[in-house]
Chemist: 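So that we are looking at the same thing, I have put the structure below in structure tokens.
This chain uses plain numbering: 1 for the first residue, then up along the sequence. Excluded from the calculations below are hydrogen atoms, water molecules and symmetry mates; all remaining heavy atoms, backbone and side chain alike, are included.
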Amino acid sequence: MTTEKTLNEQWEILLQKLIKDFSLPKQMDIDKVLYLIGIQELGKYHQTFSKEEKINLIHIATCCVLAPYGYYFFEYKDKDGWPFYRRIKDHLCLPQEEQNILLKEAILTYFKHIDYL
């Protein structure tokens with residue numbers, strides 16, 4: 001586990017890289033990064049999504065990045081290509097700050113794994 005200072009430094013590097021590479025708004029947060037990961041995992045880059053679909057994309061990304069940590073297990077993709085995960089353990093029982101640290105670590109690991117960082 002990285003120190004919180006190192007984690008925050010790496011997080012800022014990721015945000016700045018995403019903002020630069022994808023011409024994104026300067027105000028990025030965990031949910032916006034998860035949304036981008038959700039689109040990546042779904043593989044439908046040029047589609048317009050409804051509000052409900054955007055929420056589902058954030059959920060897909062959360063499951064995807066937390067799967068290596070044992071929180072979710074990938075089960076299948078439906079006929080439209082949407083992935084489904086089974087929850088193994090609950091990360092929502094963690095205090096909010098610990099959830100944020102866990103998600104940031106998991107997101108950074110995801111981007112390192114796909115050779116983006």
Side-chain angles (χ1 to χ4, degrees):
M1 183 181 233
T2 59
T3 66
E4 192 169 338
K5 180 180 178 188
T6 304
L7 177 68
N8 287 332
E9 288 170 354
Q10 292 175 350
W11 181 252
E12 284 305 314
I13 289 168
L14 171 63
L15 294 183
Q16 292 310 310
K17 185 167 173 49
L18 289 170
I19 288 167
K20 179 180 173 247
D21 291 350
F22 297 100
S23 301
L24 298 172
K26 300 233 185 262
Q27 297 297 326
M28 292 291 292
D29 60 18
I30 290 175
D31 284 342
K32 289 176 184 169
V33 175
L34 287 170
Y35 175 70
L36 293 175
I37 293 171
I39 292 171
Q40 169 74 21
E41 289 302 308
L42 184 61
K44 297 183 179 182
Y45 307 106
H46 302 290
Q47 182 174 328
T48 302
F49 298 101
S50 69
K51 183 177 181 178
E52 182 179 335
E53 288 173 325
K54 289 176 181 178
I55 292 168
N56 288 338
L57 287 167
I58 292 170
H59 177 70
I60 287 168
T62 301
C63 296
C64 174
V65 301
L66 292 179
Y69 291 76
Y71 287 92
Y72 292 91
F73 177 77
F74 174 76
E75 288 198 323
Y76 64 93
K77 286 190 177 189
D78 71 9
K79 64 180 174 58
D80 296 321
W82 287 78
F84 283 83
Y85 289 82
R86 180 173 18 106
R87 184 171 40 185
I88 305 298
K89 58 184 180 178
D90 189 9
H91 65 92
L92 297 175
C93 66
L94 298 171
Q96 186 64 48
E97 186 58 31
E98 287 183 37
Q99 285 181 47
N100 287 341
I101 290 169
L102 175 64
L103 280 171
K104 284 181 181 180
E105 277 187 11
I107 289 167
L108 288 165
T109 299
Y110 173 87
F111 280 107
K112 288 174 185 171
H113 181 74
I114 63 169
D115 292 326
Y116 185 72
L117 285 177

Chemist: Check for me, please, whether F22 and L42 land in the same ILVMFWY cluster - side-chain distances under 4.5 Å, paths through other members count.
Modeler: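 The answer is yes; both residues are in one hydrophobic cluster.
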Chemist: Using every non-hydrogen atom in the two residues, find where T48 and E53 come nearest and quote the distance to one decimal.
Modeler: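 Answer, listing the atom of T48 first, then E53: O-OE1, 4.1 Å.
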Chemist: Side-chain contact, heavy-atom cut-off 4.5 Å: L102 with Y71?
Modeler: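 A side-chain contact exists here, since the closest heavy-atom pair is under 4.5 Å.
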Chemist: Are L103 and T62 packed together at the side-chain level, in the sense that at least one heavy-atom pair is separated by less than 4.5 angstrom?
Modeler: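 Result yes, sub-4.5 Å side-chain heavy-atom pair found.
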Chemist: Just wondering, more than 12 heavy atoms not from E75 lying within 6.0 Å of its CD?
Modeler: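 Counting other residues, nucleotides and ligands, CD of E75 exceeds 12 neighbours.
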Chemist: Decide side-chain contact (heavy atoms from CB on, under 4.5 Å) for Q99 and I30; before the verdict, give the C-alpha distance in whole Å, the side-chain angles of both, and the deciding distance to 0.1 Å.
Modeler: CA-CA 11 Å; Q99 285 181 47; I30 290 175; over 6 Å; no
Chemist: How long is the gap from NZ on K44 to CH2 on W82, to the nearest 0.5 Å?
Modeler: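 Nearest 0.5 Å value for the NZ-CH2 distance: 7.0 Å.
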Chemist: With a cut-off of 6.0 Å (strictly less than), are more than 12 heavy atoms of other residues, nucleotides or ligands near CD of Q47?
Modeler: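 More than 12 heavy atoms, drawn from other residues, nucleotides or ligands, come within 6.0 Å of this atom.
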Chemist: What is the minimum heavy-atom distance between I60 and Y85, and which atoms define it?
Modeler: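 In this case the closest contact between I60 and Y85 is O-CE1, 4.1 Å.
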Chemist: Supply the atom-to-atom distance L24 CG to Q16 CD, rounded to the nearest 0.5 angstrom.
Modeler: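 Spacing of CG (L24) from CD (Q16) equals 10.5 Å.
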Chemist: Let me confirm one number: the CZ-CG distance from R87 to L66, rounded to the nearest 0.5 Å.
Modeler: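 So the CZ of R87 and the CG of L66 are separated by 11.5 Å.
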Chemist: Can you tell me if Q96 and N100 form a side-chain donor-acceptor pair at under 3.5 Å?
Modeler: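 N100 and Q96 do have a side-chain donor-acceptor pair below 3.5 Å.
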Chemist: What distance do L36 atom CG and I58 atom CD1 have between them, rounded to the nearest 0.5 Å?
Modeler: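 It is 9.5 Å, given to the nearest 0.5 Å.
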Chemist: Say you draw a straight line from CZ of F49 to CG of N56; how long is it, rounded to the nearest 0.5 Å?
Modeler: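 If we round to the nearest 0.5 Å, F49:CZ and N56:CG are 10.5 Å apart.
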Chemist: Please determine whether residues I55 and I37 belong to a single hydrophobic cluster, defined as Ile, Leu, Val, Met, Phe, Trp and Tyr linked transitively by side-chain heavy-atom distances below 4.5 Å.
Modeler: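 Different clusters: I55 never reaches I37 through Ile, Leu, Val, Met, Phe, Trp or Tyr contacts under 4.5 Å.
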Chemist: Measuring from atom NZ of K54 to atom NZ of K32, what distance do you get when rounded to the nearest 0.5 angstrom?
Modeler: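 It is 11.5 Å, given to the nearest 0.5 Å.
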Chemist: Taking all non-hydrogen atoms of both residues into account, name the closest pair between I19 and P25 and its distance.
Modeler: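 Taking I19 first and P25 second, the nearest heavy atoms are CG1-O, 3.5 Å.
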Chemist: Is any side-chain heavy atom of N8 closer than 4.5 Å to one of K104?
Modeler: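 Yes. Closest side-chain heavy atoms under 4.5 Å.
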Chemist: Might you work through the side-chain contact (heavy atoms from CB on, under 4.5 Å) test for Y72 and H91, ending with a clear yes or no?
Modeler: CA-CA 10 Å; Y72 292 91; H91 65 92; 3.3 Å; yes
Chemist: Which heavy atom in G38 sits nearest to a heavy atom in A61, and how many Å separate them?
Modeler: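 Taking every non-hydrogen atom into account, N-CB, 3.5 Å.
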Chemist: So do Y69 and E105 actually touch side chain to side chain, heavy atoms under 4.5 Å?
Modeler: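 Side chain of E105 against side chain of Y69, heavy atoms only: contact under 4.5 Å found.
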Chemist: If we ignore angles and hydrogens, is there a donor and acceptor under 3.5 Å between the side chains of Y110 and E41?
Modeler: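 Looking only at side-chain atoms, E41 and Y110 do form a donor-acceptor pair, the distance falling under 3.5 Å.
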Chemist: Dump the intermediate steps for side-chain contact (heavy atoms from CB on, under 4.5 Å) on L34 and L57, then the final yes or no.
Modeler: CA-CA 8 Å; L34 287 170; L57 287 167; over 6 Å; no
Chemist: How are the rings of F84 and Y76 set to each other: parallel, tilted or perpendicular (split at 30° and 60°)?
Modeler: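 Geometry flag for Y76 against F84: parallel rings.
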Chemist: Would you say L94 and V65 are hydrophobically clustered, going by side-chain heavy atoms of ILVMFWY under 4.5 Å?
Modeler: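 Yes: a chain of side-chain contacts under 4.5 Å links L94 to V65.
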Chemist: Does the pair L18 and Y116 meet the rule for a side-chain contact (heavy atoms from CB on, under 4.5 Å), with working shown?
Modeler: CA-CA 10 Å; L18 289 170; Y116 185 72; 3.7 Å; yes
